[in-house]
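The next block holds one structure in the form of structure tokens; read it before the comments.
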Amino acid sequence: MLDIRFIKENLGAVRQNIRNRYMNADADLVVSLYDRRNALLRELEDARRLRNENAQAMKSPMSAEDRAARIEEGKRLKETIARLETELQEAEASFAVEMAKIPNMAHPDAPRGKEDKDNLEVKRVGSPTQFDFPPKDHVELGQSLDIIDFDTATRVSGTKFYYLKNEAVILELALVRYALDILSRHGFTLMATPDIAKTEILEGIGFNPRGAESNVYTLEGEDTCLIGTAEITLGGYHSGTILDKSQLPIRYAGISHCFRREAGAAGQFSKGLYRVHQFTKVEMFVYCLPEDSGRIHEELRAIEEEIFSSLGVPFRVVDTCTGDLGAPAYRKWDLEAWMPGRNNGEWGEITSTSNCTDYQARRLNVRYRDDDGKNRFVHMLNGTAIACSRAIISILENFQQADGSVRIPDALVPYCGFDVIRPRKK
RNA sequence: GGAGAGAUGACCGAGCGGCCGAAGGUGCACGAUUGGAAGUCGUGAGUACCCCUAAAGGGUACCGAGGGUUCAAAUCCCUCUCUCUCCGCCA
């Protein structure tokens, strides 16, 4: 969330930002709810002060009548306080609901636009793969190589699930290990995180666990959810703590499963591994000083580029437009890999890195003590190192050969123990 | 899952319902003493929010969390969470 005082002082800019991001939020309503909350708070504190003074006065000896009068006064105040407390609670609740809808401010250079087609391409590495034969998509390849089974997964678990089989199992593990090795070299602390997190952490990160449009699986009667990304568990790791300034930046690389409901995603491109309910991902997460977050965001992007460059997957980088940023991000880079099997060749998102500034830190209450002794909110950033399902798409489709086999990228051969996946005779 | 013990400020640790935002100790910051250090002495210091602000100042809340009793709760009652010990179960 934003700082309410910032909203009050920059109301015009906040309104404009909400419009630029095509979000459904009302800054003016937030301000008026806040003012109402403050008025009630003042009234309540006043009543409490009178109560304390009354109780204080009763410490000294007094006549029976005076004492009785004091007790009456105390009882009256008790009722007033109880009433005001209820009202304040309601006011704070409605304030919190509206406040949560206000998105982070956007970087001034982030392109204005509504949807992903308004994202701005800023860089290309490699060029779309050329084939001298008709290329297959990864669903077909997965079948002919006998390494991905969608049909059985649909029967056992439902649509948008999959079994990895044979070499694909090794390939996934190889990708994970490859990413972890690179991140370890970049000074990241490696983590394998829980796949479940509390609702309050989800909300702090900026996810909406409830509602029909939510992308989150909630666990019945538990107040917990299946995580959609390790960003949640890594961002929650230091929730409610004050970090030592000298520890910063803290870099974590977390591996987890990711679960997404993808409700209403039927109309979108949903074939194969691209949009699935469960996948494995290595996520980068950084806690840093406010003045460092811009630079570190570039570092995260550079690491993502390093990973996919070294794999030999053609990709481009886009500067995500305001309407596509989501609520927490101040700025976001997406890496889009060339996917030859997608609509006869198309860019498809494989990683993404966001600078969320202090938006998440404020609600999760992650601070550091500054040199002047003041506690300030850290900045938090995240980025995908490897999302296995989509990485596998990009490898299968770009590295396929005329004979129906798929070559393993050189960098992954030592991790896989084989350099090609051949069609399996049935 | 069962039984017991506990949770107080950066840390340790006291705390009879009103004199407790909280003793004492350690640690911390500053000052004095010293050639310098140690030691000693003195002073200061929590967090959040609200009001008022130029600054200063004032108020409210916070003793694991949430409820309750009371004119008044760190202190009494209930629920929950967590930690430790023992038992059970188990990848």
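Proteins come first, then strands; the chains are lettered A, B, ... in the order of their sequence lines, and each starts at number 1. Everything numeric in this text was worked out from a predicted model, so none of it was measured.
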Sequence neighbours left out, what passes salt bridge (Lys or Arg N to Asp or Glu O under 4.0 Å) with A/Arg51? Give chain and number order.
none

Are OP1 or OP2 of B/A48 and a side-chain N or O of A/Arg367 less than 4.0 angstrom apart?
yes

Taking any heavy-atom pair under 4.0 Å as a contact, classify A/Arg70: base, sugar-phosphate, or nothing.
nothing

Counting only N and O atoms by type, is there a donor-acceptor contact under 3.5 Å from the side chain of A/Asn398 to the main-chain atoms of A/Ser394?
yes

For RNA chain B, consecutive-pair runs of 3 or more (Watson-Crick or G-U wobble, both H-bond-type distances under 3.5 Å) give B:1-7 with B:81-87, B:10-12 with B:24-26, B:28-33 with B:39-44, B:46-51 with B:57-62, B:64-68 with B:76-80

Quick one: does NZ or CZ of A/Arg376 land under 6.0 Å from the six-membered ring centre of A/Tyr368, within 45 degrees of the ring axis?
no

With rounding to whole Å, what would you report as the distance between B/A14 and B/G25 at their P atoms?
15 Å

Checking B/U60, B/A72, B/G67 against the side chain of A/Arg49 (C-beta onward), the nearest is B/U60

Decide, yes or no, whether a salt bridge links A/Glu299 with A/Arg295 under the criterion of side-chain N to carboxylate O below 4.0 Å.
yes

I want to verify a distance call: between B/C49, B/U60, B/C71, whose nearest atom is closest to the A/Arg48 side chain?
B/U60

Within the structure shown, what part of the strands sits under 4.0 Å from A/Asn375 by heavy-atom distance: base, sugar-phosphate, or nothing?
sugar-phosphate

Could you walk me through whether A/Tyr252 and A/Tyr287 pass the side-chain contact (heavy atoms from CB on, under 4.5 Å) test, one step at a time?
CA-CA 9 Å; A/Tyr252 291 132; A/Tyr287 298 82; 3.8 Å; yes

Do any side-chain nitrogens or oxygens of A/Asn52 fall under 4.0 Å of OP1 or OP2 in B/A61?
yes

Do the side-chain N or O atoms of A/Arg51 get closer than 4.0 angstrom to the phosphate oxygens (OP1, OP2) of B/A61?
yes

Does a nitrogen or oxygen in the side chain of A/Arg5 sit under 4.0 Å from OP1 or OP2 of B/C49?
yes

